[in-house]
Amino acid sequence: MYVAGFVIPVPAGNLEAYKAWAEASAALFREYGCLEIVDSWEDNVPDGQQTDFRRAVAARPNERIVFSWQIWPSKEDMEAAEARIAKDTRFDIPVEIPFDHRRLILGAFTPVHILGRQAGTG
C-alpha cells in the first residue's frame, strides 16, 4: 500500500463544482490503478498558533480546505501510473478547475501503521 495526500484550498462557493471535478478525476485515476480516493470538505479546521492547514496552502478567507488521499497498491504502481498520466491529455488542467492548483500541497507516503485494512489489499 502507498498513500498520496493532498491539502487543497477551494473557494467555499465551489463545493458542487469540486465534487463533480473530484468524481471525474477519480474515474481516471481508477483506470490507472488507484484503489481508493477520499476527498473531504472542511468541517473543523482550527487555526493553529504556529502552523495549520490554511497557512500551508495560503488559504484566503473565502476558501475551505479539502483534505484528500489516494491509496495505491505500491509506490511502484503509483510511479508507473504517474508516467502514463503525464502523457494522457485527459489530465491536462482545464480552465474551469474549481480551485487554484498552484497552492495545493501534496506528498506521497509509505504507511508505518495501518488500522482497519491489510497492507497491500486496498
Would a 4.5 Å heavy-atom cut-off, applied to side chains only, mark [X] and [Y] as touching?
{"X": "V10", "Y": "L15", "answer": "no"}
{"X": "D39", "Y": "F67", "answer": "no"}
{"X": "L28", "Y": "S25", "answer": "no"}
{"X": "V7", "Y": "L104", "answer": "no"}
{"X": "E36", "Y": "W69", "answer": "yes"}
{"X": "S68", "Y": "V38", "answer": "no"}

Practice task
Could you check whether the rings of W21 and F99 sit parallel, tilted or perpendicular, using 30° and 60° as the cut-offs?
Solution key: perpendicular
I need the minimum non-hydrogen distance between [X] and [Y], along with the two atoms involved.
{"X": "Q49", "Y": "R55", "result": "O-NH1, 3.7 Å"}
{"X": "C34", "Y": "I71", "result": "SG-O, 3.5 Å"}
{"X": "D52", "Y": "P46", "result": "CB-O, 3.8 Å"}
{"X": "P111", "Y": "V3", "result": "CG-CG2, 4.1 Å"}

Practice task
State whether the side chain of N14 and the backbone N or O of A17 hold a donor-acceptor pair below 3.5 Å, judged by distance alone.
Solution key: no
Completion exercise
A81 meets the side chain to side chain contact (heavy atoms under 4.5 Å, CB included) criterion, sequence neighbours left out, with Y32, W72, R84, I85
Handout entry: Within 6.0 Å of CD in E23, more than 12 heavy atoms from elsewhere
Key = no
Exercise for the section: Please say whether more than 12 non-hydrogen atoms of neighbouring residues, nucleotides or ligands are located less than 6.0 Å from CG in D43. Expected result: no
Exercise for the section: Decide salt bridge (charged side-chain N to carboxylate O under 4.0 Å, His left out) for R54 and E42; before the verdict, give the C-alpha distance in whole Å, the side-chain angles of both, and the deciding distance to 0.1 Å. Expected result: CA-CA 11 Å; R54 281 185 174 55; E42 172 184 333; 2.5 Å; yes
Problem - Pairs involving residues 60-69, ordered by first then second residue, that meet salt bridge (Lys or Arg N to Asp or Glu O under 4.0 Å) (sequence neighbours left out) - result: E63-R103
Exercise for the section: Would you please indicate if the ring centroids of F109 and Y2 are separated by under 6.0 Å? Expected result: no
Handout entry: Derivation of the side-chain contact (heavy atoms from CB on, under 4.5 Å) call for I65 and W41
Key = CA-CA 6 Å; I65 301 300; W41 189 261; over 6 Å; no
Practice task
For a side chain to side chain contact (heavy atoms under 4.5 Å, CB included) with F6, tell me which candidate from I105, L106, V66, I37 qualifies.
Solution key: L106
Problem - Euclidean distance, E82 CD relative to M78 CE, rounded to 0.5 Å - result: 4.0 Å
